[in-house]
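One structure is given here, and the rest of the page talks about it.
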Amino acid sequence: MSKEFTREDVNDEQSTEALAEMDRLTHEKWEAALEDGSLVGLECEECEYVTATPNAACVHCGDRSVSPVRLPKQGSVYSKTTIEVAPEAQGSGYQIALVDVGDARVLGRITDGERVDIDDEVELSGPYEYDDDLAPLFEPI
Amino acid sequence: MARASVVGTGMTDFGVYTKPIAELFADAALPAIDDAGIANDEIDAFYFGNVLGGATTNETHLAPQVASYIGLTPETSVQRYEDACATGSLALKHGVRAVETGDHDVVLVGGAEQCTPKGTGIETSEMTRIFGSGAHKQYEQAPGMTTASVFALHTQRHMHEYGTTEKHLAEVAVKNHYHGSMNSRAQFSEEKTVEEVLDSPIIASPFRLLDCCPFSDGASAVVIVSEDAAESYGVDPIDITGISHQANPVPVADQPNPPSTDMVRRAAQNVYEQADIGPNDVDVAEIHDCFTGAEILALEALGLFEDGQAGPATTEGRTRLDGEMPINPSGGLKAKGHPIGATGTAQIVELTEQLKGESGDRQVEDAKQAIAHNVGGMTATAVVTAMEARA
Ligand SMILES: CC(C)(COP(=O)(O)OP(=O)(O)OC[C@H]1O[C@@H](n2cnc3c(N)ncnc32)[C@H](O)[C@@H]1OP(=O)(O)O)[C@@H](O)C(=O)NCCC(=O)NCCS
Ligand SMILES: [Zn+2]
């Protein structure tokens with residue numbers, strides 16, 4: 001039986017069991033985890049692909065047996081770009097980066113004013129908010 | 001074996017237009033219908049591409065409106081398609097299937113789009129937000145990804161892995177502006193130098209203003225029929241020998257080896273099989289160079305150059321009109337312009353003219369086999385099309 005996934009579960013580093021038993025990883029739960037400083041992804045039981053964002057099935061093989069996994073807070077930059085022309089509310093002169101966190105890759109925002117390069121080590125430093133959505137914010141270590 | 005044949009083409013100049021979209025599309029569609037030498041009541045179906053009407057001009061159900069304006073009869077089967085920047089090619093894919101299966105005999109395929117700040121009254125940063133609607137709202141838009149920046153992420157990694165340089169990228173822009181200077185329909189007619197490109201302001205690093213395609217308004221259209229029926233139209237038909245539409249995971253973080261644009265590799269392989277050709281047989285290609293780096297990625301994904309070789313090949317002039325593999329003789333999205341829903345069929349217009357030998361100053365000599373490459377969204381879809389001149 002799967003149990004309701006709570007914020008305490010994500011915070012509790014011991015509760016791997018709770019994570020594994022959680023209902024489908026929704027965006028709401030993913031955001032709640034992020035708000036509490038944690039990145040949660042999904043691992044496929046069939047092909048072992050690990051993704052960093054919620055899906056109803058494995059994005060690699062389509063199997064529905066995907067279980068939530070906690071992703072490391074530290075990762076390395078796979079690619080990055082500095083954006084000057086953007087939607088007004090995003091500002092300008094900021095970086096986004098594809099960050100390898102353990103076996104998964106996630107698109108994150110880099111802390112304002114910081115610059116990262118490919119292969120740099122970065123750490124999750126909180127959620128970044130845009131248009132009522134939260135995204136992972138990383139800063140260089 | 002052709003899957004369908006092009007018997008008529010038309011397109012507007014690309015640039016800035018404020019007129020109603022149906023009027024804009026008519027300026028491409030009516031010439032295409034006339035080119036095919038057919039009457040409106042011979043058209044069985046209309047496949048129309050438009051992406052942003054809902055967001056820019058508050059218009060969504062455009063196919064019947066546009067069909068009415070150009071005088072298609074109410075019996076015509078009409079539909080609108082959306083596949084981000086690959087919209088026109090998606091409409092074409094369905095048109096090809098319809099004539100191939102015999103569902104329809106004569107199909108009008110085309111697209112129209114208005115996305116210039118001048119034409120729509122929507123300023124650059126707001127238009128950038130609207131263009132971003134092709135990205136995943138939570139996992140791509142939220143961190144701040146834009147159309148330029150997704151291709152920038154791919155290109156930065158390509159530079160890291162293969163040593164592709166900003167100068168290689170600038171050479172793509174210089175070459176496409178050179179080709180565009182010979183195309184009266186192109187939005188930009190002036191040639192640019194490598195220095196000018198490298199001096200232009202950053203949009204999303206490594207891309208500068210002159211690495212980017214512009215915002216454009218415009219329309220394009222083609223008339224397609226079955227291979228067998230084509231001869232009866234009294235024009236030189238150009239055959240569509242393959243078309244393949246493939247997808248990549250969204251968000252971009254889940255795409256395998258991002259700079260590979262894996263969906264393009266699958267589409268290319270599929271199209272080469274359908275057309276029974278290989279990359280070495282291709283004489284000319286229209287490539288989705290929305291950003292200079294996108295042309296580099298495409299040349300490699302299509303197998304026209306080895307992985308890592310497209311940058312140096314561009315600098316050596318191998319992709320220029322007089323090179324061994326002429327790429328984007330029209331000027332590409334970079335110089336010709338990119339009214340997104342119209343781009344797919346505009347590539348087909350250019351290649352049809354090239355294969356007929358009607359391209360004037362920018363004619364690729366002895367062009368017999370051509371391919372078009374059209375990418376949609378945040379490298380999430382691609383359509384590759386193969387075309388052939390009849391012997
Ligand atoms: C690059 C970009 C941000 C520039 O914004 P813009 O609103 O067109 O810029 P501006 O109107 O301020 O243009 C400044 C000048 O540069 C010129 N210019 C604009 N874009 C250009 C381009 N891509 N190439 C060459 N010149 C360009 C303009 O003509 C203008 O010249 P002018 O001052 O002499 O009239 C915008 O064109 C863009 O986002 N392009 C990419 C569109 C896209 O993402 N398409 C989908 C891709 S899949
Ligand atoms: Zn799987």
Side-chain angles (χ1 to χ4, degrees), chain A residues 26-28 30-31 34 41-42 49-55 58-60 62 75 77-101 104-110 112 115-119 127-138, chain B residues 117 122-133 135-161 200-209 211-212 215 247-259 262 291 293 378:
Chain A
T26 59
H27 178 66
E28 195 183 354
W30 183 86
E31 265 194 340
L34 197 57
L42 291 169
Y49 181 79
V50 184
T51 182
T53 49
N55 279 315
C58 174
V59 64
H60 185 68
V77 174
Y78 176 81
S79 196
K80 46 85 205 190
T81 175
T82 306
I83 300 174
E84 297 294 345
V85 177
E88 197 174 353
Q90 287 285 16
S92 69
Y94 62 88
Q95 268 193 331
I96 58 170
L98 285 167
V99 179
D100 287 342
V101 277
R105 181 171 294 152
V106 70
L107 183 70
R109 173 91 166 201
I110 303 300
D112 266 0
R115 287 288 179 268
V116 298
D117 222 323
I118 292 178
D119 291 340
Y128 165 78
E129 188 176 343
Y130 171 75
D131 201 16
D132 292 335
D133 285 315
L134 300 183
L137 184 67
F138 290 96
Chain B
I122 297 170
E123 51 146 356
T124 303
S125 69
E126 176 59 10
M127 193 59 84
T128 300
R129 189 188 72 83
I130 292 171
F131 269 58
S133 66
H136 195 297
K137 187 163 189 324
Q138 287 78 29
Y139 311 130
E140 292 178 331
Q141 289 185 43
M145 198 168 92
T146 58
T147 43
S149 62
V150 66
F151 287 92
L153 287 169
H154 289 295
T155 302
Q156 293 277 15
R157 186 70 198 183
H158 193 275
M159 295 166 88
H160 177 78
E161 285 181 16
S200 63
I202 293 278
I203 304 295
S205 67
F207 301 141
R208 299 167 183 277
L209 176 66
D211 286 291
C212 304
F215 292 131
N248 225 8
V250 174
V252 62
D254 279 319
Q255 294 177 5
N257 180 21
D262 190 58
F291 303 97
M378 304 305 172

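As the structure is a computational prediction, the values presented were derived from the model and not from experiment. Just so it is clear, the values below take in all heavy atoms, side chains as well, and ignore hydrogens, waters and symmetry mates. Residue numbers start from 1 in every chain, and the chains themselves are labelled A, B, ... in the order their sequence lines are given, proteins ahead of strands.
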Q.
Applying side-chain contact (heavy atoms from CB on, under 4.5 Å) to B/D254 and A/H60, what does each step give before you reach the verdict?
A. CA-CA 8 Å; B/D254 279 319; A/H60 185 68; over 6 Å; no
Q: Evaluate the side-chain contact (heavy atoms from CB on, under 4.5 Å) criterion for residues A/V59 and B/V250: first the C-alpha distance (whole Å), next the side-chain angles of each, then the deciding distance (0.1 Å), finally the verdict.
A: CA-CA 9 Å; A/V59 64; B/V250 174; over 6 Å; no
Q.
Using the rule given for side-chain contact (heavy atoms from CB on, under 4.5 Å), can you reason through B/Q138 versus A/W30, listing the C-alpha separation, both sets of side-chain angles and the distance that settles it, and then say yes or no?
A. CA-CA 11 Å; B/Q138 287 78 29; A/W30 183 86; 5.8 Å; no
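The two residues B/N257 and A/Y78 come nearest to each other via the heavy atoms OD1-OH, 3.6 Å. Of all the heavy atoms in A/T81 and B/A204, the pair that sits closest is OG1-C, 3.5 Å. Between A/E88 and B/E123 the shortest heavy-atom distance is OE1-OE2, 4.1 Å. Between A/I118 and B/R157 the shortest heavy-atom distance is CG2-NH1, 3.5 Å. In plain terms, the two heavy atoms of B/A253 and A/R105 that are nearest each other are CB-O, 3.2 Å. When all heavy atoms are compared, the tightest approach of A/P87 to B/T146 is CD-CG2, 4.0 Å.
Annotation: side-chain contact (heavy atoms from CB on, under 4.5 Å) contacts of B/A142 (sequence neighbours excluded): A/D133, A/A135. In this structure, the side-chain contact (heavy atoms from CB on, under 4.5 Å) partners of A/E28, at least two apart in sequence or on a different chain, are A/T26.
Checked options A/I96, A/T82, A/V85; the residue passing with B/S149 is A/I96 (criterion: side chain to side chain contact (heavy atoms under 4.5 Å, CB included)).
The main-chain N or O of B/P143 is never found under 3.5 Å from a side-chain atom of A/Y130 such that the two would form a donor-acceptor pair. Of the possible donor and acceptor atoms, one in the side chain of A/Q90 sits under 3.5 Å from a partner among the backbone N and O of B/Q141.
Within the 4.5 angstrom heavy-atom criterion, only side-chain atoms of B/T124, from C-beta onward, approach chain A. Looking at B/P256, neither its backbone nor its side chain comes within 4.5 Å of chain A, counting heavy atoms on both sides. Using a 4.5 Å cut-off between heavy atoms, B/Q156 contacts chain A through both its backbone and its side chain. For a residue to count as touching a neighbouring chain, one of its non-hydrogen atoms must lie under 4.5 Å from one of that chain's; by this rule B/Q255 touches chain A with the backbone only. Both the backbone and the side chain of A/P54 come within contact range of chain B, judged by heavy atoms closer than 4.5 Å. Using a 4.5 Å cut-off between heavy atoms, A/D132 makes no contact with chain B at all.
Atom CZ in A/R109 sits 13.0 Å away from atom CE in B/M145 (nearest 0.5 Å). Atom OG of A/S92 and atom CD1 of B/I203 lie 11.0 Å apart (nearest 0.5 Å).
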